[in-house]
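Every chain is numbered from 1, with letters handed out A, B, ... down the list of sequences.
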Number of protein chains: 2
Amino acid sequence: MNNFTDTLRAHQLKATPQRLTIMHIINGYGHINIDKLYEEVKKKFTSVSLATIYKNINAMTQNLLLSEVKIPNGKSVYEIVKEDHSHMVCTKCKNIVDIKVDTASIVDEVSSSYNFQVDTSELVLSGVCEKCHS
Amino acid sequence: MNNFTDTLRAHQLKATPQRLTIMHIINGYGHINIDKLYEEVKKKFTSVSLATIYKNINAMTQNLLLSEVKIPNGKSVYEIVKEDHSHMVCTKCKNIVDIKVDTASIVDEVSSSYNFQVDTSELVLSGVCEKCHS
DNA sequence: CTAAATGCAAAGCATTTGCAAATAT
DNA sequence: ATATTTGCAAATGCTTTGCATTTAG
């Protein structure tokens with residue numbers, strides 16, 4: 001499954017070369033911010049406009065193909081929507097890693113204790129990754 | 001303990017009337033975004049500048065008196081630094097509530113499974129609060 | 001063929017900066 | 001008395017918009 005053309009169409013978006021490139025880049029990086037994405041897309045489409053990047057990121061996010069992750073003390077990054085997961089940010093190398101955490105128990109606990117119907121949960125851990133650990 | 005003058009000084013910040021007002025307002029709201037804060041401070045200091053709000057929020061955040069909470073699909077809010085806690089955002093009334101959640105177990109789990117030294121964790125739950133639940 | 005997407009330039013917000021005057025300590 | 005803070009205006013930066021042209025389906 002690496003057919004971004006179909007993925008885009010399944011989300012009511014035309015599969016333009018710019019969009020396919022965006023998908024390919026995000027898929028490769030896992031997570032990427034707007035500036036870096038623009039820089040990378042330009043390598044392939046010298047004349048791509050930053051406005052096109054924004055328009056596409058917005059359209060793809062609204063159509064639930066991408067999701068935004070807000071990073072503490074950092075710029076937002078975008079990723080391809082996939083099964084629920086959390087994030088870990090290394091404060092030294094700034095790398096972001098997906099992690100699988102059981103948030104279900106927490107969500108249950110909160111739902112009952114606070115009488116709050118939880119729909120989504122965002123968990124971001126910050127610290128130092130193995131590589132950067134001195 | 002509601003002596004904001006001392007609190008400010010303890011954080012190497014002069015206790016100006018504008019800052020005392022900011023502290024008072026944030027303390028009252030619990031969480032507030034820049035625009036709303038500006039609006040509220042203006043009620044007391046008609047001529048306060050938005051630049052002053054930004055400068056102070058930045059200084060107070062850097063000096064660990066305030067902390068920023070990034071809200072999914074919303075503007076950042078600021079709160080007075082206190083013991084570790086998480087947040088719950090109602091997608092209907094946009095209200096934000098502090099919640100006490102045991103994230104320690106999760107942090108431990110992740111620290112060992114991923115060999116990652118976790119320093120801080122940010123958890124934001126979104127859903128519908130009791131009042132807004134139809 | 002038609003609706004949607006692109007690229008450009010301009011517009012619109014958000015945030016920061018520089019500086020003279022005012023203020024906290 | 002001095003270093004910091006304030007308020008203003010200008011500058012910078014980020015994101016969106018309008019529109020003519022191009023392109024996907």
Side-chain angles (χ1 to χ4, degrees), chain A residues 3-26 32-63 65-78, chain B residues 3-26 32-63 65-78:
Chain A
N3 189 339
F4 294 134
T5 298
D6 289 351
T7 309
L8 282 162
R9 288 181 184 155
H11 290 262
Q12 289 80 49
L13 296 165
K14 288 188 177 180
T16 66
Q18 291 86 340
R19 282 178 182 161
L20 290 168
T21 304
I22 288 173
M23 288 298 285
H24 187 255
I25 292 168
I26 299 186
I32 197 167
N33 68 36
I34 296 280
D35 299 338
K36 187 75 182 167
L37 177 61
Y38 179 43
E39 186 186 318
E40 290 293 319
V41 176
K42 262 195 301 194
K43 287 183 184 168
K44 197 146 208 228
F45 291 93
T46 319
S47 70
V48 75
S49 164
L50 186 50
T52 297
I53 302 290
Y54 275 106
K55 282 172 190 168
N56 283 328
I57 289 294
N58 289 341
M60 292 158 103
T61 301
Q62 285 179 179
N63 292 13
L65 174 46
L66 298 182
S67 73
E68 178 185 4
V69 184
K70 294 195 173 191
I71 305 297
N73 313 314
K75 296 178 185 175
S76 284
V77 295
Y78 295 84
Chain B
N3 188 339
F4 294 134
T5 298
D6 289 350
T7 309
L8 282 162
R9 288 181 183 157
H11 290 262
Q12 290 79 48
L13 295 166
K14 289 188 175 179
T16 66
Q18 290 86 341
R19 282 180 182 159
L20 289 167
T21 304
I22 288 174
M23 288 298 285
H24 187 256
I25 293 167
I26 299 186
I32 196 167
N33 68 37
I34 297 281
D35 298 338
K36 187 75 181 168
L37 177 61
Y38 179 42
E39 186 186 318
E40 290 294 319
V41 176
K42 261 195 303 194
K43 287 184 186 168
K44 196 143 208 227
F45 291 93
T46 320
S47 69
V48 75
S49 164
L50 187 50
T52 297
I53 303 290
Y54 276 108
K55 283 172 189 168
N56 282 328
I57 289 294
N58 288 342
M60 291 158 103
T61 301
Q62 285 179 180
N63 293 12
L65 175 46
L66 298 182
S67 73
E68 177 184 3
V69 184
K70 294 195 172 190
I71 304 298
N73 313 315
K75 297 178 186 177
S76 285
V77 295
Y78 295 84

Please determine, for the side chain of B/A51, which listed nucleotide (D/dA9, D/dT6, C/dA9) has the closest atom? D/dA9

Provide the full list of side-chain hydrogen bond (donor to acceptor under 3.5 Å, both in side chains) pairs with a residue in residues 47-59 of chain B, sequence neighbours left out, each pair given once. B/R19-B/N56

Phosphate OP1/OP2 of C/dT15 contacted by B/N58 side-chain N/O (<4.0 Å): no

Side-chain N or O of B/N56 versus OP1/OP2 of D/dT5: is the shortest distance under 4.0 Å? no

[N] [atom2] sits how many Å from [X] [atom1], rounded?
X     : N      : atom1 : atom2 : result
A/N33 : D/dC14 : CG    : C1'   : 13 Å
B/K75 : C/dT15 : NZ    : C1'   : 13 Å
B/H11 : D/dT4  : NE2   : P     : 18 Å
B/E68 : C/dT15 : CD    : C1'   : 12 Å
B/M60 : D/dT4  : CE    : P     : 17 Å
B/L50 : D/dA9  : CG    : P     : 13 Å
B/Y54 : D/dC14 : OH    : P     : 14 Å
B/N63 : D/dT4  : CG    : C1'   : 13 Å

Using the ring of B/Y38 (Phe, Tyr or Trp, six-membered ring only), decide whether B/K42 places NZ or CZ under 6.0 Å from its centre and within 45 degrees of its axis. yes

Can you pull out the residues from residues 37-45 of chain B that lie within a 4.0 Å heavy-atom distance of DNA chain C? none

Sorted by number, residues from residues 12-22 of chain B placing a heavy atom under 4.0 Å from DNA chain C are B/K14, B/A15, B/P17

Neighbour count above 12 (heavy atom, 6.0 Å) for A/N73 CG: no

With hydrogens left out and only the distance checked, is there a donor-acceptor pair under 3.5 Å joining B/K55's side chain and the base of C/dG18? yes

Checking A/K14 side chain against A/R9 main chain: does a donor-acceptor pair fall under 3.5 Å? no

Let me see the working for A/V77 and A/K70 under side chain to side chain contact (heavy atoms under 4.5 Å, CB included), right down to the final yes or no. CA-CA 7 Å; A/V77 295; A/K70 294 195 173 191; over 6 Å; no

Which residues pass the side-chain hydrogen bond (donor to acceptor under 3.5 Å, both in side chains) test with A/Q18, not counting sequence neighbours? none

Applying side-chain contact (heavy atoms from CB on, under 4.5 Å) to B/N63 and not counting sequence neighbours gives B/H11, B/Q12, B/L13

Could you work out, with salt bridge (Lys or Arg N to Asp or Glu O under 4.0 Å) as the rule, every residue matching A/D6, not counting sequence neighbours? none

5'-most contact on DNA chain C: B/I34 or A/T52, nearest heavy atom basis? A/T52

Sugar-phosphate, base or nothing in reach of A/S47, heavy atoms under 4.0 Å: sugar-phosphate

Which heavy-atom pair separates B/I26 from B/L66 by the least distance, and what is that distance? CD1-CD1, 3.8 Å

